[in-house]
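This report refers to the structure that appears directly beneath it.
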Amino acid sequence: MRIATWNVNSIRTRHDHLLAFLEEAKPDVLCLQELKTTQENVPTGAIEDAGYNLVVHGQKSYNGVAILSRHPIEDVRTGLPGDDSDEQARYIEAVISRDGEAVRVASIYLPNGNPIDDARKFPYKLVWMDRLIAHARGLLADEEIFVLAGDYNVIPQPRDAAKPQAWVNDALFQLETRARWRALEALGLTDALRACDDSDGLYTFWDYQAGAWQRNNGIRIDHLLLSPRAADRLAGYAIHKHVRGWEKPSDHVPVSIDLT
């Protein structure tokens with residue numbers, strides 16, 4: 001099973017890119033983030049014509065997540081548990097069934113948190129991460145095969161940025177942010193890319209400003225965290241870097257893994 005994640009930065013703007021990626025990479029499951037629209041504006045017909053089922057948790061102009069699958073989608077949950085008052089569309093989870101086996105997959109758009117001196121934004125990011133840690137702990141207790149995929153807005157280590165010194169005052173790279181990332185891993189989750197490749201210079205995001213793409217001034221913030229049973233099946237990964245070179249691209253590129 002090939003599972004991919006991609007922050008498309010507006011599904012309406014990147015509609016053609018999405019269909020091209022589905023045709024090219026042929027993922028079994030694709031987790032999307034930052035749809036920036038509600039469900040009725042998602043190109044459902046074109047996605048279904050490409051052979052995919054989909055579930056969407058949308059929001060007007062901001063956020064929005066979705067899961068696309070070539071296989072049946074069951075047990076859909078929208079919204080991250082832990083705060084019923086949270087109206088931001090940042091989490092959707094579902095079970096993907098294939099050949100009698102089930103894999104639980106979540107599409108995550110973790111809060112950015114900037115600026116860090118904002119009385120709401122950075123604390124909201126940290127509390128959201130605490131909620132994710134609690135939810136992941138519960139999923140692990142069920143001993144399921146699961147993948148938590150998405151735009152985490154977390155630079156885990158200095159080597160995950162071309163210029164780490166440029167991010168020291170950014171919410172993506174704060175000690176509190178990275179500590180919560182380590183807490184997720186400490187539960188027993190595996191960073192899929194790092195399990196396959198320990199190289200430096202592996203990035204998934206290049207800003208639109210200051211020629212970041214042309215200079216390869218990137219960061220790695222799009223991740224797939226695997227449960228132990230999923231990690232046991234990990235066979236490989238790909239960063240689809242060339243997608244950043246398409247006309248009017250997202251500032252993120254897809255990342256995919258293969259499970260046996």
Side-chain angles (χ1 to χ4, degrees), residues 5-11 31-42 54-67 73-96 103-144 146-156 170-189 191 221-227 230 252:
T5 182
W6 188 13
N7 179 323
V8 292
N9 191 9
S10 175
I11 195 170
C31 298
L32 296 177
Q33 301 88 41
E34 208 170 355
L35 305 181
K36 293 185 176 179
T37 191
T38 52
Q39 182 166 351
E40 57 267 24
N41 292 318
V42 172
L54 73 159
V55 289
V56 176
H57 183 32
Q59 182 178 340
K60 184 178 180 180
S61 303
Y62 301 97
N63 306 319
V65 286
I67 298 174
I73 300 176
E74 304 168 341
D75 192 21
V76 179
R77 305 176 184 177
T78 57
L80 181 65
D83 183 357
D84 292 340
S85 67
D86 187 356
E87 297 181 350
Q88 296 193 30
R90 294 184 173 275
Y91 187 91
I92 189 168
E93 174 188 306
V95 172
I96 310 299
V103 177
R104 186 175 295 277
V105 177
S107 181
I108 294 170
Y109 182 39
L110 203 145
N112 179 286
N114 282 302
I116 59 174
D117 58 358
D118 188 290
R120 296 171 299 169
K121 292 185 177 180
F122 190 51
Y124 174 64
K125 178 189 186 84
L126 299 181
V127 170
W128 206 97
M129 294 187 78
D130 289 339
R131 289 163 55 198
L132 181 61
I133 292 166
H135 184 54
R137 185 180 293 112
L139 293 177
L140 285 164
D142 293 334
E143 298 185 354
E144 294 182 309
F146 68 82
V147 178
L148 304 179
D151 174 3
Y152 278 73
N153 274 314
V154 174
I155 304 170
D170 195 284
L172 281 62
F173 197 52
Q174 291 303 293
L175 293 176
E176 299 96 325
T177 302
R178 290 190 282 151
R180 283 162 173 79
W181 171 266
R182 291 194 298 272
L184 277 167
E185 291 187 299
L187 293 175
L189 301 180
D191 179 348
I221 57 175
D222 302 272
H223 310 296
L224 298 99
L225 288 178
L226 312 184
S227 69
H252 298 251

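Numbers here are sequence positions counted from 1.
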Side chains of [X] and [Y]: closer than 4.5 Å at any heavy-atom pair?
| X | Y | answer |
| --- | --- | --- |
| Leu184 | Arg180 | no |
| Val65 | Ile108 | no |
| Ile11 | Asn41 | no |
| Arg131 | Asp86 | yes |

Kindly indicate, with the supporting measurements, whether the criterion side chain to side chain contact (heavy atoms under 4.5 Å, CB included) is fulfilled by Arg90 and Leu80.
CA-CA 8 Å; Arg90 294 184 173 275; Leu80 181 65; over 6 Å; no

[atom1] of [X] to [atom2] of [Y]: how many Å apart, nearest 0.5 Å?
| X | Y | atom1 | atom2 | answer |
| --- | --- | --- | --- | --- |
| Asn7 | Ser107 | CG | OG | 9.0 Å |
| Asn153 | Leu110 | CG | CG | 6.5 Å |
| Leu226 | Phe146 | CG | CZ | 9.0 Å |
| Arg178 | Leu172 | CZ | CG | 11.0 Å |
| Leu225 | Asp191 | CG | CG | 6.0 Å |
| Leu140 | Asp142 | CG | CG | 9.0 Å |

Angle class for the Trp181/Tyr152 ring planes (parallel below 30°, perpendicular above 60°, tilted otherwise)?
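Plane angle over 60°, so perpendicular.
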
Should Thr37 and Val42 be marked as a side chain to side chain contact (heavy atoms under 4.5 Å, CB included) after you check the CA-CA gap, both sets of side-chain angles, and the distance that decides it?
CA-CA 7 Å; Thr37 191; Val42 172; 4.1 Å; yes

For the student: nearest non-hydrogen atoms of [X] and [Y], plus distance:
| X | Y | answer |
| --- | --- | --- |
| Ile73 | Val55 | CG2-CG1, 4.0 Å |
| Pro111 | Lys125 | O-NZ, 2.8 Å |
| Arg104 | Leu139 | CD-CD2, 3.8 Å |
| Tyr91 | His57 | O-CD2, 3.3 Å |
| Ala136 | Leu189 | CB-CD1, 4.2 Å |
| Ala171 | Asn114 | N-OD1, 2.9 Å |

Between [Y] and [X], do the side chains contain a donor N or O and an acceptor N or O under 3.5 Å apart?
| X | Y | answer |
| --- | --- | --- |
| Tyr124 | Asp118 | no |
| Asn9 | Lys36 | yes |
| Gln33 | His252 | no |

More than 12 heavy atoms of other residues, nucleotides or ligands under 6.0 Å from CD of Glu40: is that the case?
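Yes.
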
For atom CD of Gln88, is the number of surrounding heavy atoms from other residues, nucleotides or ligands below 6.0 Å larger than 12?
yes

Taking it one step at a time, do Ile116 and Asp170 satisfy side chain to side chain contact (heavy atoms under 4.5 Å, CB included)?
CA-CA 7 Å; Ile116 59 174; Asp170 195 284; over 6 Å; no

So does Val154 get a backbone contact from the side chain of His223, meaning a donor-acceptor N/O pair under 3.5 Å?
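Looks like yes, one N/O pair under 3.5 Å.
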
Under 3.5 Å, is there a donor-acceptor pair between the side chain of Thr5 and the main chain of Gly150?
yes

Worked verdict on Thr177 versus Leu126 for side chain to side chain contact (heavy atoms under 4.5 Å, CB included)
CA-CA 7 Å; Thr177 302; Leu126 299 181; 4.2 Å; yes

